[in-house]
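Start at 1 with the first residue, then count along the sequence.
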Amino acid sequence: MSRIAFIGLGIMGSPMAANLVKAGHTVTGYNLTQPAIDKLVADGGRAATSIAEAVAEAEVVITMVPADPQVEQVILGEGGVLENAKPGTLVIDMSSITPQTSIKVAEAAAAKGIRTLDAPVSGGEAGAIEAVLSIMVGGGAADFAEAKPLFDVLGTTVIHVGPAGAGQTVKAANQLIVAVNIQVVAEAVVFLENAGVDLQAALDVLAGGLAGSTVLNRKKANMVDRQFAPGFRIDLHHKDMGIVTAAARAVEAPLPVGSLVAQLVASARANGDGSLDHSALLRGVERLAGRKVN
């Protein structure tokens, strides 16, 4: 069993840390808000009042924070992970950030004798709770092999995809595919409703054919019920679409459909939907259809 420091106990991090506790690991958590730390303690974990305290005795440090600035602050910043972790510690960043930041973290850590993996995830809140995440991992093969038992606690699809930064590149592609899928499902919902078809029945039969997808299965209830409590916020998907469009431009890969959907995600955010689940892209289609959106 490992001694793990878990930094970032949000929508995704909280259930992931709890699953590691259930698997028998010693998990010490730190978060900017106390209720999330209290929940980890209730789940059997330990509390820390600072990053330094969390990582002091850790063999593995896992970070799960919103974006590049938070990763840089938590890992590279004053009082952060690299200042306080012991040489030989394995730092696993499971946030979704740019490949360039992951490479920057890996280089800074290596200078201190600390190993790193970038291991972003896909599956949303439900996948984190159910421990069925897809985890795409960049970094050294030996470090991946050492971390694999921990990843297997958190997900069911765990694949080493290349060197530092590769995990984030694959995650960017994932977010591209997910955003486009959600958008077309939303368009199908409005189309079906305007045509007067039984929406639930239509989506059930579509889910059983070639049009079926994990996105359709996980998000159709949100759209049918117009319930958009955040499993993954539009604000975060907006950030991710910025990552994928910039990364694609850097390697001269065209994104004609992806670029359009990135604009629709940005529009949803501009219309005040940023704190909603990304299935709320439906609201943007409804606006285009001339519907009143509350």
Side-chain angles (χ1 to χ4, degrees), residues 1-67 69-97 105 108-109 112-121 123-133 135 137 139 143-156 158 230-231:
M1 297 297 104
S2 297
R3 296 190 303 275
I4 302 169
F6 206 110
I7 314 298
L9 301 170
I11 288 174
M12 298 291 289
S14 180
M16 291 166 67
N19 285 332
L20 289 166
V21 172
K22 289 176 190 175
H25 300 287
T26 300
V27 181
T28 302
Y30 176 72
N31 197 68
L32 291 178
T33 56
Q34 189 61 38
I37 299 174
D38 294 340
K39 184 179 185 307
L40 177 63
V41 172
D43 289 334
R46 300 179 180 181
T49 59
S50 66
I51 293 173
E53 182 183 349
V55 307
E57 300 300 325
E59 299 164 303
V60 177
V61 177
I62 297 176
T63 53
M64 187 58 152
V65 295
Q70 290 81 15
V71 169
E72 294 205 23
Q73 180 182 0
V74 164
I75 298 180
L76 305 178
E78 183 177 351
V81 173
L82 296 190
E83 274 194 4
N84 294 283
K86 295 177 292 189
T89 301
L90 179 58
V91 176
I92 305 172
D93 178 41
M94 305 190 78
S95 317
S96 293
I97 59 173
V105 166
K112 290 179 172 285
I114 294 171
R115 301 166 296 143
T116 62
L117 295 170
D118 52 286
V121 305
E125 182 183 16
I129 292 169
E130 297 163 16
V132 294
L133 293 169
I135 307 174
V137 188
D143 295 330
F144 170 75
E146 181 180 326
K148 179 94 168 28
L150 300 180
F151 292 141
D152 287 340
V153 171
L154 303 173
T156 50
V158 180

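Between the Asn31 side chain and the Leu9 main chain, a donor and an acceptor come within less than 3.5 Å of each other. Within the 3.5 Å criterion, the main-chain N or O of Ala128 finds a donor-acceptor partner in the side chain of Asn19. Of the possible donor and acceptor atoms, one in the side chain of Gln70 sits under 3.5 Å from a partner among the backbone N and O of Ala67. Remark: side-chain polar atoms of Arg46 are not paired, donor with acceptor, to backbone N or O of Gly29 under 3.5 angstrom.
Looking at heavy atoms from C-beta onward, Val55 lies out of side-chain contact with Thr89 at the 4.5 angstrom threshold. The side-chain heavy atoms of Val121 and Met64, taken from C-beta on, include a pair separated by under 4.5 Å. Residues Met16 and Phe6 form a side-chain contact, since some pair of their non-hydrogen atoms from C-beta on lies under 4.5 Å apart. Glu72 places none of its side-chain heavy atoms less than 4.5 Å from the side chain of Ile97. Residues Leu117 and Phe151 have side chains in contact (heavy-atom distance under 4.5 Å, counting atoms from C-beta outward). Residues Val105 and Asp93 form no side-chain contact, since every pair of their non-hydrogen atoms from C-beta on lies 4.5 Å or further apart.
Applying the 6.0 Å contact sphere to CD of Gln73 captures no more than 12 heavy atoms from other residues, nucleotides or ligands.
Paired with Ile114 under the rule side-chain contact (heavy atoms from CB on, under 4.5 Å), one option of Ile75, Leu90, Val81, Leu82 passes, and it is Leu82. When each of Ile7, Val71, Ile51, Ile92 is paired with Thr63, the side-chain contact (heavy atoms from CB on, under 4.5 Å) condition holds for Ile7 and for no other. Of the candidates Leu133, Ile129, Val65, Leu133 is the only one forming a side-chain contact (heavy atoms from CB on, under 4.5 Å) with Met12.
Considering CD of Glu53 and CG of Asn84, their distance stands at 11.0 Å, rounded to 0.5 Å.
Taking all atoms of both residues into account, the shortest heavy-atom contact from Ala131 to Thr156 is O-CG2, 3.9 Å. Contact between Thr116 and Ala109 at its shortest, heavy atoms only, is CG2-CB, 3.3 Å. Residues Thr28 and Ala48 share a closest heavy-atom pair of CG2-CB, 3.7 Å. Between Ser2 and Leu150, the shortest heavy-atom contact is OG-CD2, 4.2 Å. Between Leu40 and Ala17, the shortest heavy-atom distance links the atoms CD1-CB, 3.9 Å. Closest approach of Lys86 to Arg3, counting heavy atoms only: NZ-NH2, 4.4 Å.
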Checklist entry - Checking side-chain contact (heavy atoms from CB on, under 4.5 Å) for the pair Val60/His25: CA distance, chi angles, key distance, verdict? => result CA-CA 11 Å; Val60 177; His25 300 287; over 6 Å; no
